[in-house]
Amino acid sequence: MFKEKVNNLVQEVLSEEPSLFLISKEITAGNKIVVVIDGDNGVTLSDCMKVSRHIEHNLDREEEDFSLEVYSSGVSEGLTHIRQYKKNIQRKLEVIIADNKKVEGTLVEADDEKIKLQWKAREPKPIGKGKVTVQKEQEIPYKDIVKAKVMVTF
């Protein structure tokens, strides 16, 4: 009953803010509620506060004691939803695909079934000595992605 009520409250508040979406929600046996959100345009502190307040103000601590944490998905957590890929177009990604192969490149496209990465590589010249820089690209279906994360460069 408690978990169902929390689920409904999370869905209610996110339906009021269509640019926000749920990454994960966990309710432990000790009624610790952890909600991770992301947004098409990022997540502000105000967004986290709105979600937190909506949940907290609609639960009765007299009925159930609980703790609540609401935070935004961080760069280190990786990409898990199609909407996260779409919002990160033109950013550099590190993607590990099904055969444990790592692909790094700039995300140039993301649709509902796959992503497309582009990168530059140095390859031997077809004729003669030396190397030449070539533009590479690869389409990767979401089903083949084991892990993907945004690479932060300074």
Side-chain angles (χ1 to χ4, degrees), residues 1-120 135-154:
M1 180 72 177
F2 180 73
K3 287 183 179 184
E4 187 176 312
K5 188 167 187 175
V6 171
N7 290 339
N8 291 337
L9 291 170
V10 169
Q11 291 307 317
E12 277 175 20
V13 70
L14 292 179
S15 69
E16 294 170 11
E17 295 290 333
S19 71
L20 297 178
F21 53 96
L22 182 67
I23 297 298
S24 67
K25 174 182 50 13
E26 182 181 2
I27 304 169
T28 65
N31 285 346
K32 178 180 179 182
I33 306 164
V34 178
V35 178
V36 182
I37 59 174
D38 202 347
D40 296 325
N41 305 310
V43 177
T44 65
L45 179 59
S46 175
D47 293 330
C48 290
M49 288 170 44
K50 181 177 182 172
V51 172
S52 178
R53 287 181 179 152
H54 183 78
I55 295 168
E56 188 162 2
H57 293 165
N58 288 291
L59 292 175
D60 187 359
R61 287 194 186 272
E62 299 296 321
E63 285 180 28
E64 291 276 357
D65 189 30
F66 63 92
S67 67
L68 174 63
E69 294 176 22
V70 177
Y71 59 93
S72 64
S73 177
V75 176
S76 63
E77 294 181 32
L79 306 177
T80 57
H81 290 69
I82 292 173
R83 284 174 75 173
Q84 288 180 299
Y85 288 95
K86 290 180 179 181
K87 83 171 206 166
N88 282 295
I89 288 177
Q90 295 306 316
R91 295 190 72 186
K92 191 170 182 179
L93 298 186
E94 176 184 274
V95 179
I96 297 174
I97 53 179
D99 59 359
N100 249 0
K101 181 181 169 196
K102 186 191 307 184
V103 181
E104 291 181 12
T106 301
L107 179 62
V108 293
E109 287 180 27
D111 60 27
D112 291 338
E113 281 140 39
K114 65 188 174 323
I115 63 171
K116 183 189 286 186
L117 297 178
Q118 286 183 344
W119 66 95
K120 291 183 179 175
Q135 183 75 28
K136 298 272 206 171
E137 71 177 35
Q138 181 174 353
E139 288 187 350
I140 306 169
Y142 293 115
K143 65 179 179 54
D144 292 344
I145 297 174
V146 174
K147 183 179 179 183
K149 66 179 181 177
V150 175
M151 296 181 67
V152 180
T153 54
F154 298 98

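For the numbers below, each heavy atom of this structure counts, side chains included, while hydrogens, waters and symmetry mates do not.
- Contact annotation: the side chain of Leu68 approaches that of Ser52 to within less than 4.5 Å [non-hydrogen atoms, C-beta and beyond].
- Other residues, nucleotides and ligands contribute more than 12 heavy atoms inside 6.0 Å of the CD atom of Gln135.
- Dense packing is recorded around NZ of Lys50, with more than 12 heavy atoms of other residues, nucleotides or ligands lying under 6.0 Å away.
- Here Leu20 contributes atom CG and Arg83 contributes atom CZ; the two are 8.0 Å apart, rounded to the nearest 0.5 Å.
- Leu79 has its side chain within reach of Val150: a pair of non-hydrogen atoms, C-beta onward, lies under 4.5 Å apart.
- When the options Arg91, Lys92, Gln90 are evaluated for a side chain to side chain donor-acceptor pair (under 3.5 Å) with Asn88, the one that passes is Arg91.
- No side-chain heavy atom of Val43 sits under 4.5 Å from any side-chain heavy atom of Tyr71.
- Under 3.5 Å, the side chains of Thr80 and Gln84 contain a donor-acceptor pair of N or O atoms.
- With a 4.5 Å cut-off on side-chain heavy atoms, Phe21 and Leu14 do not count as touching.
- Listed here is the closest heavy atom pair of Gly42 and Asp47: O-OD2, 4.1 Å.
- Within the structure, side chain to side chain donor-acceptor pair (under 3.5 Å) pairs that include any residue of residues 54-63 comprise Glu12-His54, Glu56-Arg61 (at least two apart or interchain).
- When all heavy atoms are compared, the tightest approach of Ile23 to Ser73 is CG1-CB, 4.0 Å.
- Ile145 CD1 to Tyr85 OH: the interatomic distance, rounded to the nearest 0.5 Å, is 3.5 Å.
- Nearest approach of Ile33 to Phe2, heavy atoms of both residues: CD1-CZ, 3.8 Å.
- Lys25 pairs with exactly one of Ile37, Val6, Val70 by the side-chain contact (heavy atoms from CB on, under 4.5 Å) rule, that one being Val6.
- Looking only at distances, a side-chain donor or acceptor of Asn31 sits under 3.5 Å from a matching main-chain atom of Asp65.
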**Prompt:** Step by step, would you call Glu109 with Lys114 a salt bridge (charged side-chain N to carboxylate O under 4.0 Å, His left out)?
**Reply:** CA-CA 8 Å; Glu109 287 180 27; Lys114 65 188 174 323; 5.5 Å; no
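- Put simply, the side chain of Lys86 reaches to within 4.5 Å of the side chain of Asp112, judged on heavy atoms.
- Between Asn100 and Ile96, the shortest heavy-atom contact is OD1-CG2, 3.8 Å.
- To the nearest 0.5 Å, atom CD of residue Glu94 and atom CD of residue Glu104 are 5.0 Å apart.
- Taken from CG in Leu22 to NE2 in His81, the straight-line distance is 6.5 Å, to the nearest 0.5 Å.
- Between Ala110 and Ile115 the shortest heavy-atom distance is CB-CG2, 4.2 Å.
- In this structure, CD on Glu26 lies 9.0 Å from NZ on Lys3, to the nearest 0.5 angstrom.
- Looking only at side-chain heavy atoms (C-beta outward), Lys32 and Glu69 come within less than 4.5 Å of each other.
- The closest side-chain heavy-atom distance from Leu117 to Leu107 is below 4.5 Å.
- Taking 4.5 Å as the limit, every side-chain heavy atom of Glu64 sits out of range of all side-chain heavy atoms of Leu59.
- Separation of atoms OG (Ser72) and CG (Asp38) is listed at 7.0 Å; rounding is to 0.5 Å.
- Remark: side-chain polar atoms of Asn8 are not paired, donor with acceptor, to backbone N or O of Lys5 under 3.5 angstrom.
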**Request:** Apply the test side chain to side chain contact (heavy atoms under 4.5 Å, CB included) to residues Glu137 and Val108: give CA-CA distance (whole Å), side-chain angles for both, the deciding distance (0.1 Å), then the verdict.
**Result:** CA-CA 9 Å; Glu137 71 177 35; Val108 293; 5.5 Å; no
